[in-house]
Amino acid sequence: MVKDEDIGKVMEILRANVPPHPYKSREPFKVLIATVISQRTKDEVTYTVAEKLFGKYPLPRDLKNAPTDDIAHLIYPAGFYKQKAKKIKEIAKIIDEDYDGKVPDNLEELLKLPGVGRKTANIVLSRCYDKDVIAVDTHVHRISNRLGWVNTKTPEETERELMKVLLKKYWKDINELLVMFGRTICRPVAPKCDVCPIKKYCKYYKENKKG
DNA sequence: AAAACGGGGGC
DNA sequence: GCCCCAGTTTT
């Protein structure tokens, strides 16, 4: 069992040490589209192409009427550009026509949008609407298991278990903190445990440290 | 359950 | 040159 006190310490240390998340906007439509672009894509390239896209097509109505080929061209470096362009255009159309230009603020409606799965939806709910959800991506899944906070196979399982283990006040920030921590220190392969600021709280470190 | 989608960056 | 990346959809 993990102690609340240790989790509190870990969160405190991460807040102090982890670089800030690169995408500042909390505008739901921009976060939604940027998050779709970010799927299986590094965040630097995601946010540079997202800004280019919004520079030319700022609103749902603009994107709805944009040529799919032009959207694809603008987001090209992010990869999966054809299918993402098509989905972005469809999302823009649905938001503009069915939701009066406003991104829905509940999981059920978000999941109906093309290209929006549980992870993307939860990021929007947490970041833009202050909902009590935990957005579990590969970073959150991996790091939660390494720390020993959960012992799970699938992201869905991780989400359920984390909601039991973590006090609510940590839910909102867990995704952004662990994503940035996962990029810099707690990488999928060859994590930099030697410079990790929370190694004394980490199950993986205790089990793997040498000599 | 596994394949497919994809260019860019790290090593 | 090979592997991975704020996953989702289709087979």
OP1 or OP2 of B:dG6 under 4.0 Å from side-chain N/O of A:Q83
yes

Taking for A:L111 and for A:S38 the nucleotide of DNA chain C with the nearest heavy atom, the one nearer the 5' end belongs to A:S38

Mind checking if A:K84 touches a base, just sugar-phosphate, or nothing, with heavy atoms under 4.0 Å?
nothing

Integer-rounded Å distance: C:dT8 C1' and A:I123 CD1:
13 Å

Do A:T35 and A:T120 have a side chain donor and acceptor closer than 3.5 Å?
no

Is it the case that atom CG in A:D132 sees more than 12 heavy atoms from other parts of the structure closer than 6.0 Å?
yes

Give A:P188 one of three labels, base, sugar-phosphate or nothing, depending on what nucleic acid heavy atoms sit under 4.0 Å from its own.
sugar-phosphate

Classify A:V116 by what it touches in the nucleic acid, base, sugar-phosphate, or nothing, heavy-atom distance under 4.0 Å.
sugar-phosphate

Can you give me the dot-bracket string for DNA chain B, 5' to 3', counting Watson-Crick and G-U wobble pairs with both distances under 3.5 Å, using [ ] for crossing pairs and | for partners on another strand?
|||||.|||||

Would you find more than 12 non-hydrogen atoms of other residues, nucleotides or ligands less than 6.0 Å from A:K93 atom NZ?
no

Contact list for residues 12-40 of chain A, test salt bridge (Lys or Arg N to Asp or Glu O under 4.0 Å), sequence neighbours left out:
A:R15-A:D173

To the nearest angstrom, how far is A:L113 atom CG from C:dT9 atom C1'?
15 Å

Nucleotide C:dC5, atom P - distance to CE of A:M180 in whole Å:
15 Å

When rounded to whole Å, the CG to C1' distance for the pair A:D137 and C:dC4 reads 14 Å

Might you work through the side-chain contact (heavy atoms from CB on, under 4.5 Å) test for A:I134 and A:K172, ending with a clear yes or no?
CA-CA 7 Å; A:I134 302 178; A:K172 186 174 165 47; over 6 Å; no

Between P on B:dA4 and NZ on A:K82, what's the gap in Å once rounded to a whole number?
16 Å

With no hydrogens and no angle check, just 3.5 Å: does a side-chain donor-acceptor pair link A:Y129 and A:N106?
no

Value in whole Å for how far the C1' atom of C:dT10 lies from CD of A:Q39
15 Å

Which value, in whole Å, describes the distance between the P atoms of nucleotides C:dG1 and B:dG6?
23 Å

Check the surroundings of atom CZ in A:R146: do more than 12 heavy atoms from other residues, nucleotides or ligands lie under 6.0 Å from it?
yes

For the pair A:I7 and A:L167, evaluate side-chain contact (heavy atoms from CB on, under 4.5 Å) and give the outcome as yes or no after the intermediate values.
CA-CA 9 Å; A:I7 293 176; A:L167 296 175; over 6 Å; no

Rounded off to whole Å, could you give me the CG-to-C1' distance for the A:N175 and C:dG7 pair?
13 Å

Nearest-Å distance once atom P is located in both C:dA6 and B:dA4:
23 Å

Here the pair of heavy atoms bringing A:R183 nearest to A:R187 is O-CG, 3.7 Å

Show the distances under 3.5 angstrom between N or O atoms of the protein and N or O atoms of nucleotides 7-11 of chain B.
unit_1 : atom_1 : unit_2 : atom_2 : d
B:dG8  : N2     : A:K42  : NZ     : 3.3

Side-chain donor-acceptor contact under 3.5 Å, A:D43 with A:S38
no

Scan A:T46 against the nucleic acid and name what it touches under 4.0 Å (heavy atoms): base, sugar-phosphate only, or nothing.
nothing

note: A:K112, atom NZ; C:dT9, atom P; distance rounded to Å ~ 14 Å

